[in-house]
Number of protein chains: 2
Amino acid sequence: MEQLYKQLQLENQLCFSIYATSREITKVYKPLLDKLGVTYPQYLALLVLWEHETLSVKKMGELLYLDSGTLTPMLKRMQDQELVIRQRSHEDERVVFISLTEKGKKLRDKACHIPEEVFSMTNKSQGELEKLKETLQGLLQLLHTYNQK
Amino acid sequence: MEQLYKQLQLENQLCFSIYATSREITKVYKPLLDKLGVTYPQYLALLVLWEHETLSVKKMGELLYLDSGTLTPMLKRMQDQELVIRQRSHEDERVVFISLTEKGKKLRDKACHIPEEVFSMTNKSQGELEKLKETLQGLLQLLHTYNQK
DNA sequence: CACTATTTAATTGTGTATAATTAAATAAAA
DNA sequence: TTTTATTTAATTATACACAATTAAATAGTG
């Protein structure tokens with residue numbers, strides 16, 4: 001039982017180190033994103049829209065691993081800020097397409113320097129962070145596949 | 001500019017791989033924690049209480065990297081479920097001590113097998129996950145120190 | 001001792017997250 | 001072609017997260 005209890009120590013939880021690190025990362029981004037007037041999840045939404053121009057809510061959810069319960073209200077807030085436009089498809093009335101306004105497109109140039117700023121504060125090598133990212137992407141795929149079943 | 005735009009691709013964001021992985025991990029824990037009747041953040045709170053028996057809200061926040069705006073309502077819900085007891089210190093009336101009820105203590109034995117169950121589904125080696133954990137703990141410390149300034 | 005600063009939780013307001021349900025539309029099958 | 005199943009967003013309810021403020025208590029200073 002001692003051994004089993006030891007497995008329950010916070011110190012030994014990989015899950016916690018990921019969970020806490022994720023939240024600390026959000027805090028690092030906060031002052032940078034405040035300048036753009038967006039939150040961290042909204043920034044992620046912008047990343048995929050800058051890459052794809054127009055996306056359905058479903059496709060955005062697949063890319064960001066988020067569902068409509070999260071995306072719908074978030075995208076409505078972004079529409080209120082005039083960052084995105086939401087419009088139903090004519091071919092299939094169930095589908096809602098999200099696209100960027102001019103204001104949303106312009107934010108890209110203000111965001112350009114953010115990755116570099118965040119990287120520089122870590123004092124880690126590019127290679128080390130790259131490797132960590134790939135390890136996590138592998139784990140992410142594995143867990144996501146498992147959760148789909 | 002092309003190079004700068006490339007840095008904004010979702011695929012290149014370490015932050016996103018951590019963010020998304022963290023949420024997928026929570027989903028893996030969900031069915032296991034449902035059996036105990038707790039959420040994932042509540043499970044983390046139980047982990048530190050199983051280790052420390054009694055903790056102030058402040059100390060719990062330090063251990064879990066959470067503030068009172070998150071902990072206070074969560075601990076009240078856990079009190080409603082009769083998992084914890086909240087009582088103010090006599091020496092310092094500002095301090096609230098959290099301790100486990102018998103029911104809360106007993107959950108430990110039901111939780112014992114969870115780490116093993118989660119580990120087994122990953123198909124990763126113990127060493128690989130251990131190394132990932134240590135890398136993230138280092139990053140967590142670094143970011144947390146930065147965010148404190 | 002009075003006054004100020006600090007510490008600690010609680011509260012408030014906003015913004016995610018996710019499970020579960022609903023509703024509308026399309027596609028597939030009998 | 002009616003019926004059935006599936007797909008897609010939206011909605012609802014619950015539970016975090018965190019910034020900012022408040023309030024109470026303690027500690028420190030002159």
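Letters go in sequence order (proteins before strands), and every chain restarts at 1.
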Exercise. With sequence neighbours left out, which residue pairs that include part of residues 104-149 of chain A fulfil the ring-ring contact (aromatic ring centres under 6.0 Å, His included) condition?
Worked result: A:Tyr65-A:His144

Exercise. Nearest of D:dA17, C:dT11, D:dT26 to any side-chain atom of B:Pro41?
Worked result: D:dA17

Seminar exercise, completed: Whole-Å distance, B:Arg94 CZ to C:dT7 C1', equals 4 Å

Exercise. Between A:Lys105 and A:Glu102, is there a salt bridge with N-O shorter than 4.0 Å?
Worked result: yes

For this session: Check the distance between D:dT8's C1' and A:Glu62's CD and give it to me in whole angstrom.
Result: 11 Å

Seminar exercise, completed: Separation of D:dT8 atom P from A:His90 atom NE2, nearest Å, is 18 Å

Exercise. Expressed in angstrom and rounded to an integer, what is the separation of B:Gln79 atom CD from C:dA10 atom P?
Worked result: 10 Å

Exercise. Considering only side-chain heavy atoms of A:Tyr19, which listed nucleotide, D:dA17, D:dA10, C:dT16, is closest?
Worked result: D:dA17

Exercise. Taking the side chain as C-beta and beyond, is there a heavy-atom pair between B:Leu10 and A:Leu64 under 4.5 Å?
Worked result: yes

Exercise. Which is true for B:Lys59 with a 4.0 Å heavy-atom rule: it touches a base, it touches only sugar-phosphate, or it touches nothing?
Worked result: nothing

I'd like a list of close polar pairs between nucleotides 18-23 of chain D and the protein, N/O only, cut-off under 3.5 Å.
from	atom 1	to	atom 2	distance (Å)
D:dC18	OP2	A:Arg23	NH1	3.1
D:dC18	N4	B:Gly69	O	3.4

Exercise. Given D:dT8, D:dC16, D:dA10, which nucleotide is nearest the side-chain atoms of A:Thr72?
Worked result: D:dA10

Exercise. Rounded to the Å, how far apart are B:Tyr29 OH and D:dC16 P?
Worked result: 16 Å

Exercise. Is the shortest distance from a Lys or Arg side-chain nitrogen in A:Asp34 or A:Lys30 to a carboxylate oxygen in the other one below 4.0 Å?
Worked result: yes

For this session: Please examine the side chains of B:Lys131 and A:Thr135, heavy atoms only from C-beta on, and report whether any two atoms are closer than 4.5 Å.
Result: no

Exercise. So among A:Arg94, A:Arg88, A:His90, which one has a side chain to side chain donor-acceptor pair (under 3.5 Å) with A:Asp92?
Worked result: A:Arg94

Problem set entry | Any B:Lys76 side-chain N or O less than 4.0 Å from OP1/OP2 of C:dT11 | yes

Problem set entry | Nucleotide D:dA9, atom P - distance to CZ of A:Arg88 in whole Å | 9 Å

Problem set entry | Rounded interatomic separation in angstrom, taking CZ from A:Arg77 and P from C:dG13 | 17 Å

Exercise. Which of parallel (below 30°), tilted (30 to 60°) and perpendicular (above 60°) describes B:Tyr29 and B:Tyr43?
Worked result: tilted

Exercise. Could you give the CG-to-C1' distance, from A:Leu33 to C:dG15, as a whole number of Å?
Worked result: 14 Å

Exercise. Would you say C:dT8 has OP1 or OP2 under 4.0 Å from some side-chain N or O of B:Ser56?
Worked result: no

